[in-house]
Amino acid sequence: MDYKELYQNAIKNLTGSIPETETRMRETEFDSLCQYPVPQALKDYYLVAGKHPISKEYNIFLPPEEFEVHNGYLWFMVENQAVCHWGIREDDLKQIDPDIWQLHTDRAGRLSAAYSEDRTVSSFILILF
């Protein structure tokens, strides 16, 4: 599957234009900033819209240098009021398009609950648009 084209078309349908070069992230830039193996479906989103305002308007895609592994999940997105995060199980990071999990923490910042979104990375990103 061509995830880049999928994301470009979704953003074009929403905004009326394909993301500009300056709102994309170069692969070498992404690779130098990200310290974790990342599924292709997620990486391709950053290569298409990693710096696009849409990535920070509601739920916030974290910059790759801020990805963190907590309690077995790679956290890559935070809800706009920091109530929850979204992530990928660490065991699934080598998959191309793994399932997404909604993650909640207690007051001390420890993972208190994880709920499957019943969607893969690409299908989850598409419903955000």
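The chain is numbered in sequence order, starting from 1.
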Can you sort out the partners of R89 under salt bridge (Lys or Arg N to Asp or Glu O under 4.0 Å), two or more places apart, ordered by chain and number?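 If we apply the salt bridge (Lys or Arg N to Asp or Glu O under 4.0 Å) test to R89, skipping adjacent residues, the hits are D91, D92.
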My understanding is that only residues two or more places apart in sequence, or in another chain, count here; which of them pass salt bridge (Lys or Arg N to Asp or Glu O under 4.0 Å) with D97?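 With neighbours one apart ignored, the set is empty.
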Check side chain to side chain contact (heavy atoms under 4.5 Å, CB included) between [X] and all other residues, then give those that pass, not counting sequence neighbours.
X   : result
P63 : E65, E66
N13 : none
S32 : none
L93 : P37, P39, L74, I88, E90

Give, for atom CD of Q40 and atom NZ of K94, the distance between the pair rounded to the nearest 0.5 Å.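 Going from the CD atom of Q40 to the NZ atom of K94 covers 14.5 Å.
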Straight-line distance of Q35 CD to E68 CD, nearest 0.5 Å: 8.5 Å
In this structure, would [X] and [Y] fall into the same cluster of hydrophobic residues linked by side-chain contacts under 4.5 Å?
X    : Y    : result
L42  : I127 : yes
L126 : M1   : yes
L33  : F67  : no

If you compare all heavy atoms of [X] against all heavy atoms of [Y], which two are closest, and at what distance to 0.1 Å?
X   : Y   : value
T15 : S17 : OG1-O, 3.0 Å
I18 : R24 : CG2-NH2, 3.3 Å
W75 : L62 : O-CD1, 3.8 Å

Would you list the atom pairs, donor with acceptor, under 3.5 Å between side chains in residues 101-109 and any protein atom, with sequence neighbours excluded?
residue : atom : partner : partner atom : Å
Q102    : OE1  : H104    : NE2          : 2.7
Q102    : NE2  : E117    : OE2          : 2.9
D106    : OD1  : A108    : N            : 2.9
D106    : OD1  : G109    : N            : 3.1
D106    : OD1  : R110    : N            : 2.9
D106    : OD2  : R110    : NE           : 3.2
D106    : OD2  : R110    : NH2          : 3.1

Could you list all the salt bridge (Lys or Arg N to Asp or Glu O under 4.0 Å) pairs where at least one residue sits in residues 118-129, not counting sequence neighbours? none
Is there any salt bridge (Lys or Arg N to Asp or Glu O under 4.0 Å) pair reaching into residues 41-64, and which pairs are they, with sequence neighbours excluded?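 As it turns out, the salt bridge (Lys or Arg N to Asp or Glu O under 4.0 Å) pairs with a partner in residues 41-64, which skip direct neighbours, are E27-K43, E29-K51, D31-K43.
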Contacts of type ring pair (Phe, Tyr, Trp, His ring centres under 6.0 Å), residue [X], not counting sequence neighbours:
X   : answer
W86 : F124
Y3  : none
F76 : none

Return yes when atom OH of Y115 has more than 12 non-hydrogen atoms of other residues, nucleotides or ligands closer than 6.0 Å, and no otherwise.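 Counting other residues, nucleotides and ligands, OH of Y115 stays at 12 neighbours or fewer.
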Is the count of non-hydrogen atoms from other residues, nucleotides or ligands lying under 6.0 Å from I54 atom CD1 greater than 12?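 For I54, atom CD1 is crowded (more than 12 foreign heavy atoms under 6.0 Å).
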[X] vs [Y] side-chain heavy atoms within contact, under 4.5 Å:
X   : Y   : result
F30 : V38 : yes
Y7  : L47 : no
N59 : M77 : yes

Test side-chain contact (heavy atoms from CB on, under 4.5 Å) applied to H70 and L111, step by step: CA-CA 7 Å; H70 293 279; L111 183 67; 5.9 Å; no
Determine whether a donor-acceptor pair (N or O, by modelled atom type, separation under 3.5 Å) exists between the side chain of S55 and the backbone of A49.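 Checking the backbone N and O of A49 against the side chain of S55, a donor-acceptor pair under 3.5 Å is found.
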